[in-house]
**Q** 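Structure provided below as structure tokens; questions to follow.
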Amino acid sequence: QMLYSVIYCYRGDAMKIIITNGSSTPIYEQIMEAIKDNIRDGVLSENDKLPSVRELSKDLKISILTVKKAYDELENAGFITVRQGLGSFVAPHSKELDREELQKEMERHLSEACNIAKRLEIDMAEFTELAEFIFGDKDYE
């Protein structure tokens, strides 16, 4: 497995993109997730300019088409905007996108919890009871 990483600086914060060749996750998705993580973590802010497709593909030593696909998907999902002749920028913050991303994260964790429950042979009633307890417990964070 080959690792490629690149770091860009924004207001003193470092945006990191790390690509693992041979991962089961396609490279364009790894780029997308890295950029989304940097937006969520506040490293990238609204209207920050992203590296150009050519620059990122050169720095990561990957195909221009792969980076373009990642940027296109990020634009379609509302994370970035492409301004003709100017480049790609972080899109204005959207509460709806935040909610959708958090819901996806919750679904991933729930799926993981369900898989563990099945391995432990916990039935739905017991699982639901545990979930209700945790959900209602003010001290559980």
Side-chain angles (χ1 to χ4, degrees), residues 1-137 139-141:
Q1 277 185 347
M2 300 276 293
L3 284 177
Y4 293 99
S5 67
V6 65
I7 297 174
Y8 299 97
C9 288
Y10 291 87
R11 293 168 308 283
D13 284 333
M15 176 180 84
K16 295 178 189 135
I17 299 177
I18 299 170
I19 301 301
T20 307
N21 258 351
S23 166
S24 62
T25 304
I27 292 173
Y28 82 93
E29 284 184 21
Q30 292 180 53
I31 294 168
M32 287 175 52
E33 287 309 310
I35 291 173
K36 284 192 226 178
D37 288 345
N38 281 286
I39 292 170
R40 271 193 297 270
D41 295 344
V43 174
L44 290 172
S45 301
E46 187 175 313
N47 294 318
D48 279 345
K49 189 176 191 308
L50 295 172
S52 72
V53 169
R54 286 185 191 279
E55 181 182 3
L56 188 55
S57 71
K58 181 177 164 237
D59 291 345
L60 288 173
K61 300 172 180 64
I62 59 173
S63 164
I64 287 174
L65 294 176
T66 302
V67 176
K68 175 140 180 33
K69 183 172 183 174
Y71 276 27
D72 288 347
E73 295 280 329
L74 286 165
E75 183 180 26
N76 291 338
F79 284 94
I80 67 172
T81 57
V82 177
R83 300 178 192 153
Q84 204 59 39
L86 297 174
S88 300
F89 298 82
V90 176
H93 205 62
S94 163
K95 289 198 183 302
E96 194 173 302
L97 277 179
D98 284 348
R99 181 175 174 75
E100 187 175 320
E101 282 301 305
L102 281 172
Q103 186 160 341
K104 282 183 198 173
E105 184 179 344
M106 180 184 69
E107 288 168 8
R108 279 193 302 274
H109 288 294
L110 268 174
S111 178
E112 216 173 288
C114 286
N115 288 334
I116 292 169
K118 287 175 185 174
R119 287 197 332 248
L120 291 170
E121 298 179 5
I122 292 175
D123 65 17
M124 181 57 94
E126 192 176 348
F127 182 83
T128 305
E129 182 182 344
L130 179 60
E132 286 173 351
F133 176 78
I134 293 171
F135 191 84
D137 188 354
D139 295 328
Y140 200 92
E141 295 269 334

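Both backbone and side-chain heavy atoms feed into the values below; hydrogens, waters and symmetry mates do not. From a predicted model like this one, the values you see are computed outputs, not experimental measurements.
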**Q** CG/L60 to CD1/I18 distance, rounded to the nearest 0.5 angstrom?
**A**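 Going from CG on L60 over to CD1 on I18, the span is 10.5 Å.
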
**Q** Answer yes or no: are there more than 12 heavy-atom neighbours, outside K49 itself, under 6.0 Å from its atom NZ?
**A**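 Yes - once you tally the heavy atoms of other residues, nucleotides and ligands closer than 6.0 Å, there are more than 12.
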
**Q** Given side chains that start at C-beta, do those of V82 and Y71 come closer than 4.5 Å, heavy atoms only?
**A**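 No; the side chains remain at least 4.5 Å from each other.
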
**Q** Please list all pairs meeting salt bridge (charged side-chain N to carboxylate O under 4.0 Å, His left out) that have one or both residues in residues 68-77, counting only residues at least two apart or in different chains.
**A**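 Only K68-D72 qualify under salt bridge (charged side-chain N to carboxylate O under 4.0 Å, His left out).
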
**Q** Tell me whether M124 at atom CE has more than 12 heavy atoms from other residues, nucleotides or ligands lying less than 6.0 Å away.
**A**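 Result for CE/M124: open.
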
**Q** Which pair of heavy atoms, one from M32 and one from A70, lies closest together, and at what distance?
**A**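 Shortest heavy-atom contact: CG-O, 3.6 Å.
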
**Q** For E121, look at atom CD and say whether over 12 heavy atoms of other residues, nucleotides or ligands are found less than 6.0 Å away.
**A**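 No - once you tally the heavy atoms of other residues, nucleotides and ligands closer than 6.0 Å, there are 12 at most.
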
**Q** Heavy atoms only: give me the nearest C114-F127 pair and the separation to one decimal.
**A**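 Minimum heavy-atom separation between C114 and F127: SG-CZ, 3.8 Å.
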
**Q** To the nearest 0.5 Å, tell me how far T81 OG1 sits from L74 CG.
**A**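 Here the rounded value is 11.0 Å.
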
**Q** Once you round to the nearest 0.5 Å, how far does OG1 of T25 lie from CD of Q30?
**A**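 One finds 5.5 Å between OG1 of T25 and CD of Q30.
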
**Q** Can you tell me how far CG of N21 sits from CD1 of I19, rounded to the nearest 0.5 angstrom?
**A**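 It is 8.5 Å, given to the nearest 0.5 Å.
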
**Q** Counting heavy atoms not belonging to E46, are there more than 12 under 6.0 Å from its CD?
**A**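 Yes.
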
**Q** List the atom of I80, the atom of S88, and the distance in Å for their closest heavy-atom pair.
**A**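 Answer, listing the atom of I80 first, then S88: CD1-CB, 4.2 Å.
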
**Q** Test F79 against I39 for side-chain contact (heavy atoms from CB on, under 4.5 Å), laying out the working first.
**A** CA-CA 8 Å; F79 284 94; I39 292 170; 4.2 Å; yes

**Q** Could you give all pairs that pass the salt bridge (charged side-chain N to carboxylate O under 4.0 Å, His left out) test and reach residues 30-45, with sequence neighbours left out?
**A**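 Of all non-adjacent pairs touching residues 30-45, those that pass salt bridge (charged side-chain N to carboxylate O under 4.0 Å, His left out) are E33-K36, K36-E101, D37-R40, R40-E101.
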
**Q** Got a second to check how far L86's CG is from S52's OG, nearest 0.5 Å?
**A**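 Separation between the atoms: 13.0 Å.
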
**Q** Check A14 against N38 and note the closest heavy-atom contact, atom names and distance.
**A**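 Looking at all heavy atoms of both residues, the shortest contact is O-OD1, 4.1 Å.
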
**Q** Applying side-chain contact (heavy atoms from CB on, under 4.5 Å) between L56 and each of I31, I64, L50, report the one that passes.
**A**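 That would be I31; it is the only one of I31, I64, L50 passing the side-chain contact (heavy atoms from CB on, under 4.5 Å) with L56.
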
**Q** Is it the case that the side chain of N47 and the backbone of F89 share a donor-acceptor pair, with hydrogens and angles ignored and the cut-off at 3.5 Å?
**A**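 No: the side chain of N47 does not pair with the backbone of F89.
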
